[in-house]
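Just so we're on the same page: letters track the sequence lines, and every chain starts at 1.
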Amino acid sequence: MEERRYRSASGAPIALRRRQHSASCRELAVRCPRLQLRSLSAVTSAVWLAAYGLFVLSENSMVLSAAIFITLIGLIVYLHFVKIDQESLLVIGSLGIQVTSSYASGKESTTFIEMGQVKDVVINEAIHMTPFKYWKAAIRSPNSLLFSRLNNPNCLSLSS
Amino acid sequence: MRRGRGAAEAAVAGPGPRVPGRPSPPPPPPRPGEMEPVPGRRWQKVLYERQPFPDNYVDQRFLEELRKNVHARRYRYRAVVFQSGAVVQQLCSVCVFVVTWWYMDAGTLSPQELFAAALVSSLLGYILFDAVDGGAGRRESGRTRWADLKSTLVFTAFTYGFSPVLKTLTESISTDTIYAMSALMLLGHLIFFDYGANAAIVSSTLSLNMAIFASVCLASRLPRSLHAFVVVTFAMQIFALWPMLQKKLKAQTPRCYVGVTVLFALAALAGLATVSSVGAVLFASLLLAISCLCPYCLIRLQLLKDNIHGPWDEAEIKEDLSRFLM
Amino acid sequence: MGRRREAPRERRRPAVMAPCGSPGRSGPGMAAGGPAGGAHSVCMVSDFFYPNMGGVESHVYQLSQCLIERGHKVLVVTHAYGRRKGVRYLTNGLKVYYLPLKVMYNQSTATTLFHSLPLLRYIFVRERVTVVHAHSSFSAMAHDALFHAKTMGLRTVFTDHSLFGFADVSSVLTNKLLTVSLCDTNHIICVSYTSKENTVLRAALDPRIVSVIPNAVDPTDFTPDPTRRDDSTITIVVVSRLVYRKGIDLLSGIIPELCQKYPELHFLVGGEGPKRIVLEEVRERYQLHDRVRLLGALEHQDVRNVLVQGHIFLNTSLTEAFCMAIVEAASCGLQVVSTRVGGIPEVLPENLIILCEPSVKSLCDGLEKAIAQLRSGTLPSPETVHNKVKTFYTWRNVAERTEKVYDRVADEVVLPMDKRLNRLMSHCGPVTGCIFALFAVLNFLFLAFLRWMTPDSVIDVAIDATGPKGAWTKQYFGRKKGGVKEELPSS
Amino acid sequence: MGRASGERRCREYCSSKIVAMVLKVFFPSCCSSAESGILIGRWISEQNSAVILAVVHFPFIPVQVKQYLSEVQRVTKVSVSVLGSWSNSKQEKEESLSEFLEDLGTIFSHEPWIQISKEGDSKFWSCSTLQKHCNNPKEEEIILVYYDQRKVMLSHLHPPLDTATSTDHKADDASKLSAIFDTVAKSKVLFMTDRYDDGPIKLTHWQSDGVEASIIVELMKQASVPACMLLTFLVSLVSGICRSRVLTFWPLSFLWSKLSTCEQLGHRLQHLQVISSNKKAQTQTQLMRKANIFVSLLIDVALGILLMSWLYRKNRIGHLADTLIPMADHVAEELQDLLQWLMGAPAGLKMNRALDQVLGRFFLYHIHLWISYIHLMSPFIEMILWYVGLSACLGLTVALCILSDIIALLTFHIYCFYVYGARLYCLKIYGLSSLWRLFRGKKWNVLRQRVDSCSYDLDQLFIGTLLFTILLFLLPTTALYYLVFTLLRLLVVIVQGLIHLLVDLIDSLPLYSIILRLCRSYRLAAGVKFRVLEQRDGKPLRLLMQINPLSYGSVVQTYRLPTYSCYPKDSWASLCKKLFLGELIYPWKHKGEKQD
């Protein structure tokens, strides 16, 4: 169970935690920094300022309420579908690989692949207009890839 | 890089066919050490055997196959002027057509007169057409008079039938639009016309169609449908039939072709002068420029021609391969 | 497509390996011992790469493979082909970037001279590229890469694969652009002496910075097989794209001429293109359906099977820098008849090729001469021809010579900005020079901006997978080589 | 796999390292509190894993156990056997017991012999195996996997879609998980045994509520059979009538095919046939399909009856009828005004007045006809509506379809206009395109499918150009008419499309599956997920196997019912092209023009 710190392709700090449950079972977890209050408040205030500007132009209080709703909904959507706090890869010897990505809202999406169906494990870069993301794909059947985005190659070169 | 530059220029301006020795600076006496040709072995221009020279070795024979101005042609002034007659002709016929239309629009020229004149002139032309080469062309083209008559009937019938439609065709469109359109079309007619040069853009069909389009546009502005009818027929004569006659004249009797050209040009100028003197002056200067100035420029510029050829050129296929598909 | 492309390489690799093991030639040790000291990390940039097919493509691929064998790090950058985008690894861990750039005109990307800078810069930095090697003057991406590489202060090499005339307007413009893009390139490689002359004239270069390194073919790919040809008839093989530049119109003239003269003559035409219709017309007109077979587009591995079926190979190109087709044909033991254009006379010795003028008549004469020799049996046997041609061109040789160029370039200095601007202005004429100098400055500013956005320190180094010292080979290929061997084809 | 071929391969650390398989013991969590005894279950040797199904308590007579097992095996076709021993000792375990367990292994010979023992109520069990025959008992690792017997039994595992579709990987589909799942599922009988019959042996496993609770179900099953028979009879009768020859000769059949109501009815008829077919559904999917159809039918009819009850209360039909006629009139008047506007110079467009007048008059006359037709049938409208409204009891979808048909009938004139306009415009466009080729001195070569250059005669050229000019100048007029009527047409089509989309939604939504997913999420399993339970070293690794429910999206995707309506094949681009070229867009071919 040790922890290392890296910087992701976008320069954000990320932490890789590895823990050895048993000889054949190990877990790798990449954890991004939580949502900073700073950025959150910055975005919110920006939206509200814009809304207020509109409100001043068009004497319509609907704008303000709409802005509030937008920010709320946007925040919920962001936390629930976009912001990934932690991605963990659980490897159980001779049983399978399990990839869990937990969102900021606590929602967890888990996928388990049996060892028998893992053809191969591939680390590859993808071109994403400027920054190069790193994907780890466990190829279960020839045509379906299971992607988990791990922002730093080294952690995988370690694990592999 | 100075020398590299020099090299390039020298190469480009390198002397023409088969200079003895090497073209001036580019491959200078090889530097000692850098590219020392091994004594005894002569560099040869082959790739399939390794030679004891560095890859970037520059031999004396570098660029020896450079040729210049292989296809340069020399023109004679009078010939060029003679050929420019075709352009003059076409300009004049456009001018004549416009002037006629102008008269009809102003009402000074009644359709009946124009129709009579056109009829007479076209009959004359028709006779002339056969008379020039003694009917040789007709015989080898195998076109009967009946066919001529038929197509004439088709023209007249269709034009006459459509002339009412033509009259109401563009009434809701503003006159300026129509003028602009027909001007454009006539310009296109002049551009695409087949003056005897074999260029890519030449398309006699297109040019003729544009002329007809323009004539229809203009005809639709005329007061009555009879006017429209007459103008369109006139357009057919001057844009379709007249050039055919010209070609034949040019082929058979160049001398009288020149005469005809001059006369026609004068007639056009006179007509234009009655409409506007300024226009006439401009038009005259234009004609002069085309028939005298341009050939002169062409011949002068021909001297400055500098065209590089060599083994790298894409070989063009000389003989006519279409015979295999005929 | 690309898959099929890789398959034969994979199969042939042992064959390639074997000679590579010849004394002191291969391995990083030798390369490290090279004059410039140490291996280069080369970035091949071209719009043309697999799955697209052609001379440039195979040149880039083979050259990269051989350089990898010699211990250099090589990666290829090209644009995305349909669904083939992103990063791929080919044999020996040759890394290929398929960049998401828009294709404008026959597989050449549209260029704005700037939009590709972010991507290319990222690649150059993260792969620690030292030499940028651009291919083919038709490829806009190659020129972009040169431009950016100079801005970033990297060494640049350019290989020109094609000939250009000077007559028409389009070639005048392209030559101007070539001048701009080559005037401050460190070194230029041409595939034949004719091509060198041509390039020197077009780009107004110092002939001293232009090297001639011919293309090569894989002799193991093109081995003769006399059993495949049927000697009751005479078969003339034509393998080329059916386009005007390849002189297909000439072919359409030759076919009826000869077929009327020689009843036992057969034509075997491989390739696809707009001129196919002409050949079909000829076939219909002269009722030659049984004697003229149009095979359509050929896979690379099928080419040999087509070649060995014939006795005579006919090449009617109107312009060629270095005709690989005739070398392949000769390597298959065919008697080659070709037009005397471009670099073709330099490619094969007189006794292996019959050169004709680009006209139906001359070509027919050449073919008849070949047929006469064939009948009299004075032609050398395919094996002897093959053994002879085998010695002419090998990729290993090409790689060595290219390596020399890299070493030489590594010693040179890249022009700093001010010198570069001067060069541009002085060298490319007042107008163009100034315009492109301006572009260069803008490009420099853009680069500065990018560096400020994501500093090079943030960009992480890519794992080097190439060749014997690739990151991967140490851990995995090293351990279970067999596993990989049987795995690659299966997958 | 071609994609991955080039990419760098790397093995997972462990997968390359694990050569000796780990022994996996799937242990039902409900048995964790059972008294000591022996473990019975299935041994899957190729995966080296043991699925524990139940615990047999002491005391027992080995022979009886054996015959019981054989009986179970006979019934369930699962090779159930004694896998090992289970000792749950409240107090400190004494030697004797362990020895006793040891030689139990000799009685029930099994290889390997698993011994799980739980001291007190500590969470960490010790677990060991005995290999009698291999002389060196090497210490191989053991993983304990707890699973919820009931859920695993009831759940139905969905293999990922693509593997399911890919035929060449059947080998993968037979994966260990599915093996475990159907092991548990097959041994259902084992759990169904009544709690209260005191057989010779006592088992602990998940206990179903026994037979009593399911008596009602049984009764329903009994009752459903005659109901099905009756239904089948009726359905066959109706379908027979529909198929009778009277209704299938030309004009009628054409009419049926155009009326969406008939299609909907036919669709429903098929559904009824599916439900009432009294042969049992073999696979899970068939069962689900039946259930889905049944539920959607129910809901459909319920909605329909609601609608009816709303309609027939305080004479809403009458109001509807009274509003309908004036509406149609109003539409017609609007159209007239529109035409008047077009016949002037609309939006200052340059139109050819003569042609404009002609077209306008023609359409006006048409509208006049239409209005008179409406007024002719105005008295009957209410009655028609009343009877039509009754059809709502067949289901909301039918009512909706009828509505869309009524709309189609009421906007028939718009359709006519559209067709006239389109035909005229189409002619013009084609004429113009060919004449434009003539204008350029080209012609379309049909054989080679390309444009060749061609030399025309003088008179051909002349006439062609004349016509070209005329058509060109007349084009704007027709184009404008075409444009306006196309827009109207598209409006109608969109409305109809929306209605049909609604119908399709009701038809195809797999409600039963969705409800199942909502309430019993474990019934539809996409896979499993493991949670690593806390552990102490020296003790085996303990995992908790939970069921990963199918996501709603894939539920719908898997179980959605097929619908009859064909969506437009052509994409947006081709649609626009059609519109531009003036080809007709048919409503019944392209339901939901705008939906995709």
Side-chain angles (χ1 to χ4, degrees), chain B residues 143 147-174 177-178 181-182 185 188-189 192 194 200 202-220 228-229 232-233 235-237 239-241 243-244, chain D residues 341-360 428 431-445 447-448 450-481:
Chain B
R143 185 174 167 83
D148 296 344
L149 187 60
K150 205 171 64 186
S151 43
T152 326
L153 282 179
V154 168
F155 289 144
T156 38
F158 265 85
T159 329
Y160 196 77
F162 276 117
S163 50
V165 181
L166 294 184
K167 208 179 104 330
T168 63
L169 196 56
T170 65
E171 61 191 3
S172 64
I173 299 177
S174 80
T177 323
I178 293 296
M181 204 185 302
S182 26
M185 285 292 163
H189 165 74
F192 292 110
D194 176 11
V202 168
S203 152
S204 53
T205 322
L206 183 54
S207 70
L208 175 60
N209 284 333
M210 284 178 138
I212 297 173
F213 191 95
S215 63
V216 170
C217 287
L218 286 179
S220 67
F229 165 66
V232 173
T233 6
M236 275 309 287
Q237 286 167 347
F239 288 123
L241 307 176
M244 290 162 69
Chain D
W341 177 69
L342 284 179
M343 286 165 69
L349 285 175
K350 302 269 184 292
M351 317 226 299
N352 186 307
R353 191 159 38 71
L355 183 62
D356 199 12
Q357 291 299 328
V358 174
L359 287 176
K428 282 227 162 127
L432 269 177
S433 59
S434 57
L435 283 175
W436 169 242
R437 270 185 238 113
L438 175 136
F439 191 85
R440 286 177 10 250
K442 304 267 195 300
K443 78 174 194 305
W444 173 254
N445 184 334
L447 296 178
R448 299 219 193 117
R450 69 175 191 198
V451 174
D452 291 351
S453 63
C454 145
S455 67
Y456 292 92
D457 295 350
L458 207 53
D459 40 8
Q460 285 172 333
L461 282 181
F462 174 68
I463 296 166
T465 318
L466 208 59
L467 287 176
F468 176 77
T469 325
I470 293 171
L471 282 187
L472 189 66
F473 282 113
L474 291 187
L475 183 64
T477 317
T478 26
L480 186 68
Y481 274 86

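Chain D forms more heavy-atom pairs under 4.5 Å with one residue of B/Thr205, B/Leu169, B/Asn209 than with any other, namely B/Asn209. Heavy-atom pairs under 4.5 Å with chain D were tallied for B/Val232, B/Val165, B/Thr170; the largest tally goes to B/Thr170.
Nearest heavy-atom pair across B/Met181 and D/Phe473 is SD-CZ, 4.1 Å.
In this structure, the side chains of B/Leu208 and D/Thr465 stay at 4.5 Å or more apart for every pair of heavy atoms. D/Ile470 places none of its side-chain heavy atoms less than 4.5 Å from the side chain of B/Val216.
In this structure, the portions of B/Phe213 lying under 4.5 Å from any heavy atom of chain D include both its backbone and its side chain. Both the backbone and the side chain of D/Leu461 come within contact range of chain B, judged by heavy atoms closer than 4.5 Å. Proximity to chain B is absent for every atom of D/Leu355, based on heavy atoms less than 4.5 angstrom apart.
In this structure, B/Ser151 OG and D/Leu458 CG are separated by 7.5 Å, a value rounded to the nearest 0.5 Å. Between the CZ atom in B/Phe158 and the CG atom in D/Leu467 there is a gap of 7.0 Å [rounded to 0.5 Å]. The structure places OG1 of D/Thr469 at 8.0 Å from CG of B/Leu166, a figure rounded to the nearest 0.5 Å. A distance of 5.5 Å separates OG1 in B/Thr168 from CG in D/Asn352, rounded to the nearest 0.5 Å.
Classified by interplanar angle (parallel below 30°, tilted 30° to 60°, perpendicular above 60°), the ring pair D/Phe462/B/Phe155 is perpendicular.
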